[in-house]
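Sharing a structure, written as structure tokens. Questions coming.
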Amino acid sequence: MSEENKKYTDSGIEVKPLYTSSDVPADFNNINDYLPGTFPYTRGVQSNMYRGRLWTMRQYAGFSTAEESNKRYHYLLSQGVSGLSVAFDLPTQIGYDSDHPLAEGEVGKVGVAIDSIEDVQTLFDGIKLEDVSTSMTINATGYILLAFYVALAKQQGADLKKITGTIQNDILKEYAARGTYIYPPKPSMRIITDIFEWCSKEVPKWNTISISGYHIREAGSTAVQEIAFTLANGKAYVQAALKKGLDINVFGKRLSFFFNAHNNLFEEVAKFRAARKMWAQIMKDLGATDPKAMMLRFHTQTGGSTLTAQQPLNNISRVTIQTLAAVLGGTQSLHTNGYDEALSLPTEEAAKIALRTQQLVAFESGVAETADPLAGSYFIESLTNEIEQAAYKLIGKIDAMGGSVAAIEQGFIQDEIARSAYEYQRNIESGKKIIVGVNQFQSAETEKIPILKVDDNIRVLQTEKLQKLRSNRNHAKCDQILQGLNDKASSGENIMPTVVEAVENKCTLGEIADTLREIFGEHK
């Protein structure tokens, strides 16, 4: 076959015109290793998958003030979401209060502004934390947001042993792909293992980390790179926890993952299947013996970078394909993007259509009625195997450098992502990769899409709230607690009990983050 007639997935894996039984890997026929709910979990982490319980339908939301976001949460809950997913603004993500000079122009823009326990009380007003699972996309300040959430749960009289949810808490991908880090890698890893240790005793059902391939993919990686770099990061977190003396069979059960779903349907399904199989083996090799500690459980979000500002209604179809990929791939939780998100934060109408897309797939398509419905497809099984082999090859290179932290410090992961992003963009510009409505099938844009605008006065409102908070608290007590946090950070003691005490006594997010900046410094 001539080169121009060859077809490839977005990861560069050649797609043959026809697949037969000779393309299926040898271990496919070992039926005992090939059942859902059994090691290595290629076909799913539950024996009956969605017949037992559907995936959690989340809608990622957070903008403006806590009051505005709270209204959106109540609306989404009334429309049938089964879990909340919180987006935070940039100052919150990088540890600055809303009145900090560097926060100007960013307060409430890409997520909700959270400065204190009072904002968190408003954010979840009328929502019982014992009754809802909450996912928070927060990394460098994940330990503070977790403390806010736990403090509010205590105020509500909730049983902390029943509280469920996830903090993303994946700092390695911030250095590699996204950029919302504060502290250098080593102290950041220490904070994460403190969270693992503390949660295992205090909030045992909480997922202490969501190891994220999503942002690696958004930065331009391929599907193969997404799982290779994510699983390599996962290994680094497990090794750090083992070094601290934690039990892999305890903390391993609370590790979760966060992946992207793009448009190449079969490659995405194969990617999810390969990731499950690989992680089970990685955890077994690291010493896990409890089956639940070897299971890769993951949340999926549809691909933000695949959405187009041109002909935005086409994005509804893209999100539908991506929803199918996530469900056919066995996701435990899913957020679907609004069709207008290439233009702005989603409007209420766009968020509703996105949620309805999940509900249509769940209740009308039939794909949820049997576990891993694409299993046994010659193409899917061959592609799962090829993705697995290609991802292991990349992980081998990272291991040879000394693991993820070393590979990030040497710029290897960043360079690999940049190279793939450049190649993908070049293929779009040359017309080799068709994007409907962008480089082919263009049309004059006549329809005005309504967009969500965030008020620029939010920083003023947040500043007024902060001034009031600071004037109504015990300053001597706050200073004493922050000094105690400083001491624990220096001595190596677990910081989490003191962080919870700090937020309960109205210390702000910025004050807590700055206390650790003094000890750990900032990553440049």
**Study point:** Distance-only side-chain donor-acceptor flag, Gln121 / Gln155, under 3.5 Å
**Key:**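 Gln121 vs Gln155: donor-acceptor pair found between side chains.
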Point to revise | Heavy-atom donor-acceptor pair, Asn494 side chain to Asp194 backbone, under 3.5 Å | key: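 Answer holds: yes.
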Review point. Quick one: are the ring centres of Phe257 and Trp279 less than 6.0 Å apart?
Key: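 So the answer is yes for these two rings.
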Review point. Which pairs, with at least one residue in residues 74-94 and sequence neighbours excluded, count as a ring-ring contact (aromatic ring centres under 6.0 Å, His included)?
Key: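 Sorted pair list comes back empty.
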Practice item. If a pair satisfies salt bridge (Lys or Arg N to Asp or Glu O under 4.0 Å) and one of its residues is in residues 479-495, list it, with sequence neighbours excluded. Key: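 Found none.
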Review point. Side chains of Ser98 and Arg459: is there a donor and an acceptor less than 3.5 Å apart?
Key: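 The answer is no; no qualifying pair exists.
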Check your understanding: For Tyr214, which residues count as a ring pair (Phe, Tyr, Trp, His ring centres under 6.0 Å) partner, sequence neighbours excluded?
Key ->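 Per chain and number, Tyr214 pairs via ring pair (Phe, Tyr, Trp, His ring centres under 6.0 Å) with Phe258.
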Review point. Do Tyr237 and Phe196 have their ring centres less than 6.0 Å from each other?
Key: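 For Tyr237 and Phe196, the ring centres are not under 6.0 Å apart.
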Check your understanding: Which residues pass the salt bridge (charged side-chain N to carboxylate O under 4.0 Å, His left out) test with Lys477, sequence neighbours left out?
Key ->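 In terms of salt bridge (charged side-chain N to carboxylate O under 4.0 Å, His left out), with neighbours along the sequence ignored, Lys477 is linked to Glu501.
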Practice item. Not counting sequence neighbours, list each pair that qualifies as a salt bridge (Lys or Arg N to Asp or Glu O under 4.0 Å) and has a residue in residues 221-241. Key: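 Counting only pairs at least two positions apart or across chains, the salt bridge (Lys or Arg N to Asp or Glu O under 4.0 Å) contacts touching residues 221-241 are Arg217-Glu226, Glu226-Lys271, Lys235-Asp399.
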Practice item. Write down the atom of Asp125, the atom of Asn70, and the distance for their closest heavy-atom approach. Key: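 Where Asp125 meets Asn70 most closely, the heavy atoms are O-ND2, 3.0 Å.
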Review point. Is it the case that more than 12 heavy atoms not belonging to Arg517 sit under 6.0 Å from its CZ atom?
Key: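 For Arg517, atom CZ is crowded (more than 12 foreign heavy atoms under 6.0 Å).
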**Study point:** Tyr183: ring pair (Phe, Tyr, Trp, His ring centres under 6.0 Å) partners, not counting sequence neighbours
**Key:**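 Per chain and number, Tyr183 pairs via ring pair (Phe, Tyr, Trp, His ring centres under 6.0 Å) with Phe520.
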Exercise for review: Step by step, work out the side chain to side chain donor-acceptor pair (under 3.5 Å) result for Asp170 and Ser212.
Suggested key: CA-CA 7 Å; Asp170 175 6; Ser212 175; 4.8 Å; no
Check your understanding: In this structure, are over 12 heavy atoms from other groups packed under 6.0 Å from Arg356 atom CZ?
Key ->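 Enclosed.
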Practice item. Check the surroundings of atom NZ in Lys352: do more than 12 heavy atoms from other residues, nucleotides or ligands lie under 6.0 Å from it? Key: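 No, not enclosed.
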